[in-house]
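Input: a single structure, listed below in structure tokens.
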Amino acid sequence: MASCPAPPPASAAAPPLLLTPSSTIPIDNPAVRPPSDELRTIFISGLPEDVKERELQNLLRWLPGYEASQVNFKGEHPMGFALFATAQHALAAKDALQDMVLTRSQRIVADSNTYDQSKRMRTGGDYTHTAYSTSPFHPPPPAVWGPHGYMAPPPPPYDPYAGYGVPPVPMPAPAPVPAPSSYVPVQNTKDNPPCNTLFIGNLGENINEEELRGLFSAQPGFKQMKILRQERHTVCFIEFEDVNSATNVHHSLQGAVIPSSGSVGMRIQYPSVFTSLLDI
DNA sequence: AGCACA
């Protein structure tokens with residue numbers, strides 16, 4: 001199922017990718033070259049300095065005949081190589097990718113002939129002209145926000161047995177629904193287009209994975225969670241059944257604080273487009 | 001700001 005949107009068809013002004021046929025295979029003697037040695041690799045330059053291998057893979061993998069790609073970071077600028085099944089595939093990919101434009105902030109892929117839209121994209125961060133009708137930006141959650149942070153929820157509902165002298169029917173204790181201990185405002189000025197996956201950052205130094213899982217797995221539509229422990233920061237990805245479920249949690253748990261996160265509120269974003277194409 | 005897994 002294609003829940004994550006493909007990159008928008010709009011563009012932004014950035015240096016175009018330059019693609020040229022490339023191969024490490026000698027081409028001086030075509031006669032002795034087996035057919036598999038034809039030029040099946042394209043060379044990609046003009047990549048952002050901090051491009052990830054996975055980003056390039058996600059960018060390329062839907063192209064017909066795509067087999068593999070890698071990024072060489074040894075030189076001054078990263079260089080990408082992509083291998084295709086046949087020379088025809090490689091050629092077609094080169095044409096398809098030629099002059100494609102990526103921007104770092106939003107990972108927009110586009111043709112360079114949509115200049116007007118690109119200006120809007122850059123100045124306004126405006127997604128409305130793309131396939132995404134839902135704004136990635138949203139107002140802070142109502143109700144739970146007060147001048148001093150989280151405000152207590154309303155009192156429990158009216159008890160129909162109260163005052164009747166009838167002993168309440170013993171009910172099984174409801175399963176405790178994991179809830180954040182509080183909410184703290186987080187700034188989330190840069191977000192990506194809505195998607196069925198959420199990126200969670202700002203989790204605090206010693207975040208507890210089980211606590212996180214407890215909270216998110218209780219959310220409607222939860223599918224799976226991946227936690228990424230890194231030196232400085234731990235981040236986490238939550239995949240949901242659909243964009244709607246993800247969006248609800250994006251809203252409802254923004255800034256949530258759980259015991260192991262200390263006093264920081266988690267920041268919930270949609271992942272960068274090129275790293276989140278779960279199922280195109 | 002830190003963005004994986006198929």
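Convention: sequence-line order gives letters A, B, ...; per-chain numbering from 1. Bear in mind that the values here come from a model prediction, so they are computed numbers and not experimental data.
Rounded to whole angstrom, the span from the CG atom of N188(A) across to the P atom of dG2(B) amounts to 14 Å. Here the P atom of nucleotide dA4(B) and the CZ atom of R61(A) are 13 Å apart, to the nearest Å. The CZ atom of F237(A) sits 9 Å away from the C1' atom of dG2(B) (whole-angstrom rounding). Rounded to whole Å, atom P of dC3(B) lies 13 Å from atom CG of L203(A). Distance E55(A) CD to dC5(B) C1': 15 Å, rounded to the nearest Å. Straight-line distance from the CG atom of D50(A) to the C1' atom of dG2(B): 12 Å, rounded to whole Å. Taking atom CG on L56(A) and atom P on dA4(B), their separation rounds to 14 Å, with Å as the unit. The distance between atom CZ of F240(A) and atom P of dC5(B), rounded to the nearest whole Å, is 19 Å.
The backbone N or O of F240(A) sits less than 3.5 Å from a side-chain atom of N196(A), completing a donor-acceptor pair. In this structure, the side chain of S260(A) does not engage the main chain of I207(A) through any donor-acceptor pair within 3.5 Å. Remark: side-chain polar atoms of N72(A) are not paired, donor with acceptor, to backbone N or O of P78(A) under 3.5 angstrom.
A donor-acceptor contact under 3.5 angstrom links the side-chain atoms of R267(A) to the base of dG2(B).
With the nearest nucleotide of DNA chain B identified for both V235(A) and Q57(A), V235(A) has the one nearer the 5' end. Nearest-nucleotide assignment on DNA chain B puts the 5′-proximal partner with N202(A), out of N202(A) and K226(A).
Salt bridge E239(A)/K226(A): absent, no basic N to carboxylate O contact under 4.0 Å.
Residue E231(A) is out of contact with every strand shown, counting any heavy-atom pair closer than 4.0 Å.
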